[in-house]
Every structure is written in structure tokens, then in C-alpha cells.
There are 2 protein chains.
Amino acid sequence: MNNSEPGLSEQILRIAKRLFINKGYYGLAMREISDELGVSKAALYYHFKDKEQLFLAILQAHLEEIEAGINQIVAETGSSAEQIRKFVAYVLSQPAEQRATIRLASQEIVHLSPTSRKTFGKNYQDKFVGKIQSILRAGMDAGEFRGLQVEVATWALLGMMYPYFYPTHTGEKPVPNKTIQEITDIYLKGIKK
Amino acid sequence: MNNSEPGLSEQILRIAKRLFINKGYYGLAMREISDELGVSKAALYYHFKDKEQLFLAILQAHLEEIEAGINQIVAETGSSAEQIRKFVAYVLSQPAEQRATIRLASQEIVHLSPTSRKTFGKNYQDKFVGKIQSILRAGMDAGEFRGLQVEVATWALLGMMYPYFYPTHTGEKPVPNKTIQEITDIYLKGIKK
DNA sequence: CCTACCGATCGGTAGG
DNA sequence: CCTACCGATCGGTAGG
């Protein structure tokens with residue numbers, strides 16, 4: 001028999017994601033999640049081994065979403081500059097909570113166990129940062145961009161988007177198109193030959 | 001009689017700063033600070049009302065240091081582009097711990113009481129973000145930079161430096177001069193007319 | 001009475 | 001999945 005209900009695991013992930021974003025890893029008690037869901041705290045531990053694994057599941061799901069987005073852009077789009085433009089638009093057009101999840105990851109991984117940190121760090125590099133590096137490297141090889149240190153160029157781009165990953169910065173409102181365009185213009189103008 | 005000893009208050013601030021950077025606001029127990037200093041935990045509460053006030057004192061001191069640095073640059077330097085160049089060099093040439101303090105502030109203020117958050121937020125704007133805004137606005141008015149949204153241009157600059165505020169990113173090593181130069185080049189090329 | 005603390009313990013809460 | 005709990009540790013404060 002198919003279960004048409006949302007499934008508690010998914011509900012936990014959804015609520016916990018919102019709460020982790022607003023309160024941080026240590027700032028959120030497991031109790032708050034169960035209370036909002038109207039279940040016991042022990043119920044959370046039935047679906048997730050511990051707090052760390054719940055947190056990682058949230059980050060992992062988000063990482064795979066982003067990876068899919070980037071892969072699609074790279075597959076569909078022509079020039080490296082156009083790929084960068086699409087990438088920035090894609091990320092900054094996400095709802096505030098999705099944007100905040102990227103910040104959550106880079107901000108709170110220090111609080112995880114060395115093993116989890118290493119595993120997630122590798123995924124973060126493979127599915128996200130590395131993809132951007134590849135786009136930039138291709139653009140440099142093609143003579144589209146200047147010959148910069150690829151890592152420096154990568155982090156310059158990610159850094160420019162970072163302020164919009166803070167809920168306090170934009171509130172719950174979407175990033176205006178004009179802002180997205182100006183950010184992209186500054187960056188591309190800055191790295192183009 | 002002058003007291004030539006360092007003074008416990010200053011020692012607390014120094015140690016706590018390093019620990020807050022590595023463990024975050026909730027991740028650091030007051031006990032850990034007192035243990036490293038070889039004093040009792042109660043001694044901390046003699047010098048600082050509570051954990052929040054200790055944390056704020058650290059951020060406040062750092063903010064005033066940065067403000068002084070920016071003020072000096074603005075006073076000494078000619079063109080807006082040159083001021084930006086000096087500002088980036090000044091911030092990224094700081095030791096890793098100093099760089100990490102800026103990240104600490106923007107990352108952990110959410111965990112403070114609304115009153116503290118508001119007060120510090122105003123100072124952060126007045127002594128740091130607002131100063132950069134002024135430089136960029138002056139550069140735009142003088143026709144040195146393109147006509148961009150000043151806030152967008154400000155956060156693009158701060159964002160580009162942000163990755164170097166993470167200890168994990170550069171380790172304890174200083175930011176290489178070549179990297180500082182490339183970051184500045186990308187940004188200035190991007191906003192110049 | 002003051003300063004600069006200490007040893008011990010308070011009420012609550014964390015993850016499990 | 002729940003009720004009923006645990007070991008430990010948290011920030012903060014008592015008297016002296």
C-alpha cells in the first residue's frame with residue numbers, strides 16, 4: 001500500500017532545516033523540532049541516529065539540488081561567461097531559505113565530528129566549488145577570461161554572493177533582478193580579458 | 001603606583017577571542033576560558049557581567065581597530081580606487097585571527113539579545129560598512145566608478161574578502177600578496193568606468 | 001568598608 | 001514511535 005502522507009522523515013527535515021537556519025547548530029535543541037511537529041523527542045531519534053546526522057542529511061540534500069542545477073546549466077549553456085551568469089541567477093533566485101542553507105553549511109561544519117566534516121567537505125568541493133572552478137578554468141583556457149588563479153577567481157565569485165545567504169541581509173524577500181545583474185556585471189567585467 | 005602586569009581583563013579578552021573564533025558562541029563554555037587562564041570561572045564574572053557582554057567587548061574592540069585603520073587610509077590616500085586598494089590590503093594583511101574576528105561578528109550576532117544585536121549592528125554599520133559605502137559613493141560621484149547601487153557594490157567588495165575570514169580557508173598562513181592583488185584587480189576592474 | 005577573587009553549588013537543559 | 005528518565009555539562013551566583 002502506498003503511503004500518501006508526507007512521511008515524518010521529510011517533515012523533520014523540512015522543519016529542522018528552517019530552525020537550523022535561524023538558530024544555528026548548537027542554538028537549536030532537538031526538543032524544539034519535536035515540539036513543532038507535535039511528536040516526542042525520541043521520535044526524531046527513530047528516524048535519525050543523532051543531531052549530527054539529521055543536520056548532515058539537510059545539507060546533503062541541498063548540495064545535490066545545487067549540483068543538479070549547475071549540471072543543467074553547464075549542459076545547456078554555451079560560453080563560460082554565460083554559464084557564470086546563469087549560475088549566479090540560479091542561486092540568487094532561490095527563496096531565502098534555500099540561499100541561507102549554503103551559508104549554514106560553510107558556517108557550521110566546524111561543529112561536526114572530524115569524520116563528518118571531512119566527508120561533507122569532499123562533497124562540498126565535488127558537487128559545488130569544483131564545478132565552478134571547472135567553468136572558470138575552461139573560460140581561462142578558451143581565452144575568454146584573464147589568467148587568474150582559478151581558486152581566487154572561484155572564491156571571489158562565491159564571496160560576492162555570500163551576503164545574500166544571510167537572512168538578515170535581504171530578509172525573506174527575493175534578491176532583485178537588478179541586484180543580480182549588477183553583481184554578475186561587476187564579476188564578469190572584472191575577470192574578462 | 002602603576003600596574004605593569006597585563007591585567008586579567010585584557011588576558012580574558014585575548015584568550016576568549018581565540019576560543020570564540022575556533023568554537024563559536026555556543027560552542028565555547030566559560031569554563032574553558034577560565035581553565036586556560038588558570039583562574040576560576042567566577043573571576044570572569046567579576047570582569048564581565050555575563051557571556052554576552054564578554055563577547056560584545058571582543059567585537060567592539062575589533063571594530064574600533066578597523067575603524068581607525070579605515071580612517072587613516074581615507075585621510076592619507078587620494079583616489080577612491082587607491083583607497084579601496086589600501087583597504088583590501090589592510091584587512092587581508094592582518095593575521096588570521098584578526099581576519100576571523102570579522103566573520104565571527106557577522107556570524108554570531110544572531111545569538112545575542114535583541115538589544116545587543118541592535119546596538120552592535122549600528123556600530124558595525126557606522127564604523128565599518130558605512131565607511132566603505134562612503135568611499136564607493138565618493139568614487140561614483142567623482143565619475144571614477146560606474147553608477148551602481150552603492151550597497152550592492154559595498155557588499156560585493158566585503159563578500160569577496162569573506163572567504164579569507166575563514167580559518168579553514170587559508171589556515172593560519174597570511175594571504176599571499178598575489179592573491180590580494182588579484183582580488184583587488186577583479187573588483188576595481190569590475191566597478192571602474 | 002574596598003578590590004579581586006575562590007570553592008562550591010544553584011536551577012535548567014543538553015543529547016541520548 | 002512514547003513515557004520516563006540518565007550522565008554531563010551549561011551559564012551564572014551564593015557566602016566569605
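Each chain gets a letter, A, B and so on, in the order the sequences are listed, and its residues count up from 1.
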Rounded C1' spacing from dG15(D) to dC5(C) in Å: 13 Å
Residues in salt bridge (charged side-chain N to carboxylate O under 4.0 Å, His left out) contact with D35(A), at least two apart in sequence or another chain: R31(A)
Partner set under salt bridge (charged side-chain N to carboxylate O under 4.0 Å, His left out) for K23(A), not counting sequence neighbours: E32(A)
Listing, residues 128-143 of chain A side-chain donor-acceptor contacts under 3.5 Å, not counting sequence neighbours, or none:
unit_1	atom_1	unit_2	atom_2	d
K131(A)	NZ	N71(A)	OD1	2.8
S134(A)	OG	G130(A)	O	3.0

Positions of residues 50-61 of chain A (non-hydrogen atom under 4.0 Å from DNA chain D), listed by number: none
Salt bridge present between D185(B) and R85(B) (N-O < 4.0 angstrom): yes
Any residue meeting salt bridge (charged side-chain N to carboxylate O under 4.0 Å, His left out) with D126(A), in chain and number order, not counting sequence neighbours: K122(A)
Residues from residues 40-48 of chain B lying under 4.0 Å of DNA chain D - heavy atoms: K41(B), A42(B), Y45(B)
Interface with DNA chain D, restricted to residues 22-35 of chain B and to heavy atoms under 4.0 Å: L28(B), A29(B), M30(B)
ring-ring contact (aromatic ring centres under 6.0 Å, His included) pairs, two or more places apart, involving residues 135-163 of chain A: W155(A)-H169(B), Y162(A)-F165(A), Y162(A)-Y166(A), Y162(A)-Y162(B)
Greater than 12 external heavy atoms within 6.0 Å of Q72(B)'s CD: no
Sequence-distant partners of D50(B), salt bridge (charged side-chain N to carboxylate O under 4.0 Å, His left out), two or more places apart: none
Euclidean distance for C1', dT9(D) against dG11(C) (whole angstrom): 13 Å
Protein-nucleotide distance (L8(B), atom CG; dT3(C), atom C1'), rounded to Å: 13 Å
The single option from E36(B), E172(B), E97(B) passing salt bridge (charged side-chain N to carboxylate O under 4.0 Å, His left out) against R18(B): E36(B)
Paired stretches of DNA chain D - 3 or more consecutive Watson-Crick or G-U pairs, each distance under 3.5 Å: none
Exercise: identify the closest heavy-atom pair between G24(B) and E108(B): CA-OE2, 3.3 Å
Flag if over 12 foreign heavy atoms under 6.0 Å of CD, E151(A): no
Pairs involving residues 88-117 of chain A, ordered by first then second residue, that meet ring-ring contact (aromatic ring centres under 6.0 Å, His included) (sequence neighbours left out): Y26(A)-H111(A)
Which pairs of donor and acceptor atoms, one on a side chain in residues 186-193 of chain A, lie under 3.5 Å apart (sequence neighbours left out)?
unit_1	atom_1	unit_2	atom_2	d
Y187(A)	OH	A153(A)	O	2.6
K189(A)	NZ	K189(B)	O	3.4
K189(A)	NZ	K192(B)	O	3.0

